[in-house]
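No experiment lies behind these values; they were computed from the predicted model shown.
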Amino acid sequence: MGPIALTVLIVVIVVVLIVARMSIRIVRQYEQGVLFRLGRVVGVRMPGFRLIIPIIDHLPLVSLRIVTMPIQSQGIITQDNVSVDVSAVAYYRVVDAVKSVVAIENVAAAINQIAQTTLRKVVGRHTLDQTLSETERINGDIREILDVLTTDWGVEVTLVELKDIQLPETMKRAMARQAEAEREKRAKIIAAEGEAISATALGQASDTMMAHPLALQLRNLQSLVEIGVDKNTTVVFPAPLMSTIGELSAFLARENQAASSADGKTPIRAA
């Protein structure tokens with residue numbers, strides 16, 4: 001074999017290897033291939049070993065896995081004119097490989113941009129209190145809007161979550177003062193309710209003592225027992241107490257006299 005023939009053989013082998021390399025495609029389990037032949041979509045190639053015609057065929061691979069896409073923080077003015085910085089995260093996956101390739105040029109960049117504008121629009125329709133307390137509803141609204149917009153792109157948005165809400169320092173201080181005032185209000189209400197219950201109980205007790213005069217005397221004696229625990233305690237009897245003792249003594253004297261008159265015995269003198 002001459003040098004020219006050997007060179008031609010080597011060139012042929014190299015060309016064959018290059019053509020074979022260009023003809024072989026491996027579609028992984030989580031991918032689908034969209035086959036273009038002379039610029040037209042022929043069909044979808046499922047996972048496995050696939051052969052294409054070099055130069056004539058083109059087989060881009062589309063991943064069907066769920067993609068995590070962070071939505072960068074951006075300044076948003078709420079409905080009550082409060083500026084907040086909100087960031088979120090979205091999860092989506094391709095459900096139609098042909099649409100994701102044919103309908104839009106770069107599906108990831110498109111979803112990122114539409115997610116940012118949708119986040120700004122949805123949060124801007126809510127007040128600050130609603131944004132902080134109704135995150136579940138806001139997440140659902142953003143996901144529904146994105147899901148409708150991305151259906152024509154062959155993409156399904158599975159989840160959207162607000163990740164962080166940054167408030168201005170002045171607003172943080174105002175909210176802290178509001179929370180403190182709210183706690184003070186509840187404390188005063190509870191104290192007032194306690195005073196009302198106490199006043200009602202004291203009124204009932206006073207009514208009972210008015211109906212039973214000796215009840216007041218017994219309560220005074222109980223108070224003396226309570227304050228007389230210490231041996232160094234000096235007890236001063238108020239005037240109403242002394243008059244009550246006198247009335248009690250007169251009452252006992254009348255009772256003894258009536259009893260002695262009834263059975264003829266000598267009455268017992270009250271001390």
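- Atom CD of Gln29 sits in a sparse spot, with 12 or fewer heavy atoms from other residues, nucleotides or ligands closer than 6.0 Å.
- Using a cut-off of 4.0 Å between Lys/Arg side-chain N and Asp/Glu carboxylate O, Glu180 and Arg183 are scored as not salt-bridged.
- Between Leu119 and Gln74, the closest heavy-atom pair is CD2-NE2, 3.5 Å.
- A side chain to side chain contact (heavy atoms under 4.5 Å, CB included) with Ser100 holds for exactly one of Val62, Leu64, Thr150; it is Val62.
- The two residues Arg93 and Thr158 make their nearest non-hydrogen contact at NE-CG2, 4.2 Å.
- Side-chain contact annotation: Asp129 with Thr127, donor-acceptor N/O pair under 3.5 Å absent.
- For Arg45 and Gln32, the side-chain atoms include no donor-acceptor pair closer than 3.5 Å.
- The backbone N or O of Met69 lies less than 3.5 Å from no partner atom in the side chain of Asn112, so there is not a single donor-acceptor pair.
- The side-chain heavy atoms of Thr68 and Val89, taken from C-beta on, include a pair separated by under 4.5 Å.
- Counting non-hydrogen atoms of other residues, nucleotides and ligands closer than 6.0 Å to CD1 of Ile77 gives a total of 12 or fewer.
- Between Val157 and Tyr91 there is no side-chain heavy-atom pair separated by less than 4.5 Å.
- You'll find the side chain of Leu59 stays beyond 4.5 Å of the side chain of Val34, heavy atoms only.
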